[in-house]
Structures are given as structure tokens and as C-alpha cells.
Amino acid sequence: MSSPLEQWAEQTARLTKPDHVVFCDGSEQENQRMIEEMLRQGHTFELNPKTYPNCYLHRSNPNDVARTEQVTFICSQKKEDAGPTNNWMTPKDAREKLTPLLDGAMRGRTMYVVPYMMGPVKSPISKVGVEITDSPYVVASMRIMSRMGKPAMERLGNSAEFVPGLHSLLDVNPERRYIAHFPDEKLIWSVGSGYGGNALLGKKCFALRIASMMAREQGWMAEHMLILGLESPEGKVTYMAAAFPSACGKTNLAMMVSALESQGYRVWTVGDDIAWMKIGADGMLRAINPEAGFFGVAPGTGKHTNPNVMTALTSNTLFTNVGLTPNREPWWEGMESEAPAGMLDWRGNPFDPAQGPAAQPNSRYTVPAHQAPCISPKWEDPEGVPISAFIFGGRRARLAPLVYQSFDWQHGVFVGATMASETTAAATGKVGVTRRDPMAMLPFCGYNMADYFQHWLDMGRKTPRAPKVFHVNWFRRGTDGKFLWPGYGENVRVLKWILDRVEGRGEARETPIGYVPTRSGLTLDGLAVTPAAVDELLSVHRADWEPELDDTKQFFGKFGDRLPKELLEEHSKLARRFADAGPA
Ligand code: OXD
Ligand code: MN
């Protein structure tokens, strides 16, 4: 009798008709074969073995450089179960559309069967997935991003407890690109793209969309959150998980070099993108990072913005769509070195700044997490780390103060549900277009977001020692349009206030939106920010919040009757607190 995995692999091979089938074990020898195949295919190049040992540059099809939300589907039986924020197809329609595309799709290719584990090997929170793919780049990337091969097979045995994900590049044609998630079967089908978020199925597809469905059914949480530990001068580490929409510096925050290191405050990285959390025996939410690597955006990453990752990615790293120097080293904008003469851009053409950047703006590095000097000694703790604070954030030019704390859990859920970021218009100093992105899960929640909000409310009730909830905004601008806060390593000052609040200290004043630090509540010594700028960073203007109240009301309206009444209640309470506070 063959195992459920073998049966699924056989059935998939009958459909996709590969020339060869390889069951991957995750070994070094196998990885070398994968790299040889990538080099042979001609889109992957070895980097300088002296300065970047075991590093490679992969160039993707220029039509395939980012996640494609418009062709990402939740295939539930009923449209209402996918909700107003997801694209929807019936499972039957999805199968009818994708089966003919997959029929014979792997002819002339090798079908790789990739068992992988999301989460530390011995953790009860971890789960097994199996990805079938025809891309050796995907196999090599999955080996960095997950615990691939042997540990997964040992956990799986002959059981059917794995999330299957079928991936084929097809002909990398945007017209035939679909990322489909089947909630009933906890199954993923992804075709037509080799890009990380679409093709490394353990990440966004499983660890967020499918896992969010499982988490709701089983009473835990799968969130788009970094996890960090803040060490205090006494050596105690307090763990925090934070959700930010894309392009808000999540990886940099997770890996920050603390500006208060001389005072004994240090940041340890547990994860930079995803948190799976279960209620522990101690009544706290215990979080694991389901991933084993960082899949970070290269441009803007440099010695000042993220020195830890810069140290990590000089070996065993797979770069995608960055520039290539004549010395065969990777290069991107924001690396804080001069663009060397004679460079090739991400497409492999001689670099000409007039034709665009050297590195594609969404170019990436894929690096093993353990290579980061800041990796937490607890990052693979099977129990997970206990989370004391949730931090939500967005890019707001005016509205949100540097940091505030919600009044309680329910208010915290409202703060997360109304999270938003302004589009790049904000970069010009104007208030940009606001995109609502609740809990930074808008593209990743695998079911109706109204039910997701309800799940959050329920988790707060069920968790005896639920995290305190905060909101931060590193991106507030002064009347001159310039950023008021220096960000990066200085953000530790905000984390320190959060830690103080968690421990029942931390000076704050009560405002209509929550508790905001007083100027003296923040540790600002040695920081070149004027008292007036700090006051502006900590101010709450009613005139800014009135349109925000209208906008959030409108956003909530999308969910109709399914929206938990608690969120409308919080909305009215916020409006009432502003009214009671009088003109400001
Ligand atoms: C990511 C994303 O790549 O959120 O992590 O888009
Ligand atoms: Mn992400």
C-alpha cells in the first residue's frame, strides 16, 4: 500500500506527465544537483566564490517579479466565505480552469516532490507541507526557507497530515497565472509564476492563507508578523510580534541594531515575516517562526539600514533580480556603495541608469536565518516564545502618533482592523492614498475578514495572558514634509516604552485613541530630535481623525452584517471620546 504522499505524487505525475520524478531529501548533494540544473537552464549564475561563497544570482522572467494579488483566489464553495477582500472562484471552476493547464505541463521536465516542515523540528506548533514543483529554483529556495526533506518525512511518516501544494511554471505567461487555495481540502495550486510569494508555497500560500483557515478552525493564530525579543539591562528578554504592510521596514525592525545597546537594550530576531501562535500552558500566546530563512527585499538594504542581514548574506544566499558587478558580486540601490562601472542590471543588460535601476525594486535575497548575527537563541524553541505585546503599524504622514497603546484587547482588535498605509504619494510629503490593510493580512487572509476579526476577538477572550496591543508610526512628517523620527536603530526607544508599559511602568497620557507616551516617558537621550518635533510626533489632532473615522466606517461597511458588532462599538466609542475631548 503506498502512502498518501506517494498516492498524491503518482496522481500528480499522471496529470503533469514529467520525464522524471525526484523525491527530495534536502541533502547537500541534492542541493548541488539542483544548482547544477539551474546553471544549466541559463538564468542562474554563480557569484564570486571568494567574497560570496555558495551564493547565486537568479534572473526571473521580467514579467514575473512580484506577487500577483489579482490572480490569487480563495476557492471556497460560497463567495461569502472568501469575503469581500479576496478574489473568489468555486473549487469546481478552479479545477476546470487549471486542470487543462496542468495536463502535460511537466513534459520534458523533472517533477520534484519536496516535503518540508514549517516551524522548528520538534515543535508541536509546526506543520508539514509537500510542494510538487517543476522548478529547481523553487526547490533550492524552499531548502533555505523551510526545514526541507528528512525532518519533514520523519514527522510525516505514512500519515496524510500534510498540506499539498502543486506548482508548475507552465510557460511563465501572465495570461496563464493562477494562485488557487482550496479551503475544504487545504490544498494549493499555483501555476504560471516562479516568483517567491507565488511559488514558494510554504510561505504566503500555506503559512498565511491556508494556515489562517486552520488556525481559525483549531483555535490558534497565523499572522503576518515579525517576532523579536527585546533584552533589558537585567538580561530579561520580552517578546513582541509586529504586523506592518509591505514596504514599512518589517525585516529591518526585526533585525535592528539597537541604538540603546550601551544602556543594555538589545534586539534578538525570531522571525521577520510570519508568526504561528498557540495558547501555552502559561496562558500566554506562544509564537514560532514557521520559516527557516529570510526572503527579503534587497533595494534599500545596507550597512546602516540592516547591518545584520548584510553580514548574513555574504554566503549561502540566493539572490533574485539584483545587479551583477564585474567582480561577480551582487549590487542594488541603497546598498550604500557606489554603483561600479561595467555592471549588468537585473535583466542582464549593461546597466544604464537612464533605463531604470540596476536591481528590480522587488529584487530579493533568500538567506538562512541562522546566519544572522542577531538570531535569537530561542528562535527554534519548540515551545515558541511568549508574546507580551502585539504591535501594529503603517505609513501615515500625519495621523498616527509615534506610538500608542490600546485601552484593552477589543480596542486593540479595532486598532489592527483599521490599520492602513499611505501609498508612495506620501513620499512627496503629500498625504497619499490610504490603503486599508487590517493586521497587514489583506492579501493573506484565507477567508472572510469579518470572520477573521471575530477570530481575533475570540482569541483575546480565550487567552488568559493576552498580549497588550500597540500601534506605531515611524513615518510621521512635519509641516515641512520631512520625517520627524529617524527610525531604524532608534526605533528601540519605542520598543523600550512598550516594554515599560507591559511591565506596568512607562509614563503615558490618555487620549481619545489610547495611551500616548509623554515626552519624558520616552528615553530620548542622545537623540537629535527637537522637543517640538517630539511633541508633534506624540500629538493627536481631532481634525485628522475625523476623516479617518469616516474612512474606517466606509471600510467596515464592505463586510455588511458579518462584521462583529464589537468593531462598530469601538468605532462609536472612539468618535464619542473625540467629541467628549472637545475641540482640538
Ligand atoms: C513579503 C510580502 O514578501 O509581504 O513578505 O510581500
Ligand atoms: Mn510579508
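The distance from atom CG of L57 to atom CG of N48, rounded to the nearest 0.5 Å, is 13.0 Å. With values rounded to the nearest 0.5 angstrom, R395 atom CZ is found 12.5 Å from M419 atom CE. Rounding to the nearest 0.5 angstrom, the gap separating the OG1 atom in T12 from the CD1 atom in I132 is 4.0 Å. How far SG of C248 is from CH2 of W474: 11.0 Å, rounded to the nearest 0.5 Å. The CE atom of M117 sits 10.0 Å away from atom CD of E154, with the distance rounded to the nearest 0.5 Å. A distance of 12.5 Å separates CE of M343 from CG of N327, quoted to the nearest 0.5 Å.
The two residues G194 and L169 come nearest to each other via the heavy atoms CA-CD2, 3.5 Å. In terms of heavy atoms, V128 sits closest to A152 at CG2-O, 4.0 Å. The two residues V21 and P18 have their closest heavy-atom pair at CG2-CG, 3.9 Å.
Surrounding NZ of K378 are at most 12 heavy atoms belonging to other residues, nucleotides or ligands under 6.0 Å away. Taking a 6.0 Å sphere around CD of E338, one finds it holds 12 or fewer heavy atoms contributed by other residues, nucleotides or ligands. Heavy atoms of other residues, nucleotides or ligands lying less than 6.0 angstrom from CD of Q70 number more than 12. By the neighbour-count criterion of 12 heavy atoms within 6.0 Å, atom OH of Y488 is sparsely surrounded, having that number or fewer from other residues, nucleotides or ligands.
E30 places none of its side-chain heavy atoms less than 4.5 Å from the side chain of F23. When side chains are defined from C-beta on, L226 does not count as touching N289, because their heavy atoms never get closer than 4.5 Å. In this structure, the side chains of N321 and S60 come closer than 4.5 Å at one or more pairs of heavy atoms. Taking the side chain as every heavy atom from C-beta outward, V138 and M142 approach each other to under 4.5 Å. Proximity of M441 to S212: side-chain heavy atoms (C-beta onward) are separated by under 4.5 Å at one or more points. Residues P136 and Q41 meet the side-chain proximity criterion, which asks for heavy atoms closer than 4.5 Å. The side-chain heavy atoms of T251 and Y365, taken from C-beta on, include a pair separated by under 4.5 Å. Between T44 and I35, the closest side-chain pair of non-hydrogen atoms is not below 4.5 Å.
The pair R177-E175 does not meet the salt-bridge criterion, since no charged nitrogen lies less than 4.0 angstrom from a carboxylate oxygen. A salt bridge links E380 with R147; the closest basic N to acidic carboxylate O contact falls under 4.0 Å. Comment: R477 does not engage E422 in a salt bridge, judged by the lack of any side-chain N to carboxylate O separation of less than 4.0 angstrom. Contact check on R435 versus E69 returns a salt bridge, with a Lys/Arg side-chain nitrogen under 4.0 Å from an Asp/Glu carboxylate oxygen. Ion pairing of D273 with K250 is present here, as a side-chain N (NZ or NE/NH1/NH2) and a carboxylate O approach within less than 4.0 Å. Electrostatic pairing of D381 and R286 does not count as a salt bridge here, judged by no charged N lying under 4.0 Å from a carboxylate O. A salt bridge is defined here as a Lys NZ or Arg NE, NH1 or NH2 lying under 4.0 Å from an Asp or Glu carboxylate O, and D19 with R109 fails to meet this definition. Taking a cutoff of 4.0 Å between a charged side-chain nitrogen and a carboxylate oxygen, E36 and R33 do not qualify as a salt bridge.
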Hey, mind stepping through F475 and F483 against side chain to side chain contact (heavy atoms under 4.5 Å, CB included) and telling me if it holds?
CA-CA 6 Å; F475 303 96; F483 287 121; 3.9 Å; yes
Determine whether E28 and R143 satisfy the following criterion, salt bridge (Lys or Arg N to Asp or Glu O under 4.0 Å), listing intermediate values before the conclusion.
CA-CA 10 Å; E28 184 50 46; R143 186 164 181 271; 3.4 Å; yes
Check step by step if side chain to side chain contact (heavy atoms under 4.5 Å, CB included) holds for I179 and C205.
CA-CA 8 Å; I179 325 296; C205 298; 3.7 Å; yes
Stepwise side chain to side chain contact (heavy atoms under 4.5 Å, CB included) test for V113 and C24
CA-CA 6 Å; V113 183; C24 294; over 6 Å; no
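H181 and R209 are linked by a side-chain donor-acceptor pair at a separation below 3.5 angstrom, with hydrogens and angles left out of the test. H167 and T133 are linked by a side-chain donor-acceptor pair at a separation below 3.5 angstrom, with hydrogens and angles left out of the test. Residues W485 and E490 bring no donor and acceptor atom of their side chains to less than 3.5 Å of each other. A side-chain donor-acceptor contact under 3.5 Å links S193 and D64. A donor atom on one side chain and an acceptor atom on the other are not found under 3.5 Å apart for T269 and W379. With hydrogens and angles left out, the side-chain atoms of D134 and S168 include a donor and acceptor closer than 3.5 Å. Judged by distance alone, the side chains of N198 and T68 do bring a donor and an acceptor atom under 3.5 Å apart. Side-chain contact, Y195 with N362: a donor N or O sits under 3.5 Å from an acceptor N or O. Between the side chains of S27 and D25, at least one donor-acceptor pair of N or O atoms lies under 3.5 Å.
E333 places no side-chain N or O within donor-acceptor distance of the main-chain N or O of P299, the cut-off being under 3.5 Å. With hydrogens and angles ignored, the 3.5 Å screen pairs no side-chain donor or acceptor of S315 with any backbone N or O of Y52. With hydrogens and angles disregarded, no donor-acceptor distance shorter than 3.5 Å links the side chain of S123 to the backbone of G119. S363 places no side-chain N or O within donor-acceptor distance of the main-chain N or O of A359, the cut-off being under 3.5 Å. In this structure a side-chain-to-backbone donor-acceptor pair under 3.5 Å is missing from N306 to T301. Remark: side-chain polar atoms of R493 are paired, donor with acceptor, to backbone N or O of T523 under 3.5 angstrom. Between the side chain of E231 and the main chain of V237, no donor-acceptor pair closer than 3.5 Å is present. Put simply, the side chain of E291 never gets that close to the backbone of S146: no donor and acceptor are under 3.5 Å apart. R155 places a side-chain N or O within donor-acceptor distance of the main-chain N or O of V121, the cut-off being under 3.5 Å. Side-chain atoms of N63 come within 3.5 Å of backbone N or O of V172 as a donor-acceptor pair.
A side-chain hydrogen bond (donor to acceptor under 3.5 Å, both in side chains) check over residues 253-266, counting only residues at least two apart or in different chains, returns the pairs Q263-D525. Screening residues 299-324 for ring pair (Phe, Tyr, Trp, His ring centres under 6.0 Å), with sequence neighbours left out, gives F319-W332.
The side chain to side chain donor-acceptor pair (under 3.5 Å) test with N54 singles out one residue from N316, T314, T317, and that residue is N316. Among T366, L318, D272, the single residue meeting the side-chain contact (heavy atoms from CB on, under 4.5 Å) criterion with F295 is T366.
Using cut-offs of 30° and 60° for the angle between ring planes, the H224 and F444 rings count as perpendicular. Using bins of under 30°, 30° to 60° and over 60° for the plane-to-plane angle, the ring pair H58/H43 lands in the perpendicular bin. The aromatic rings of W331 and F351 lie tilted to each other, with the angle between the two planes from 30° to 60°.
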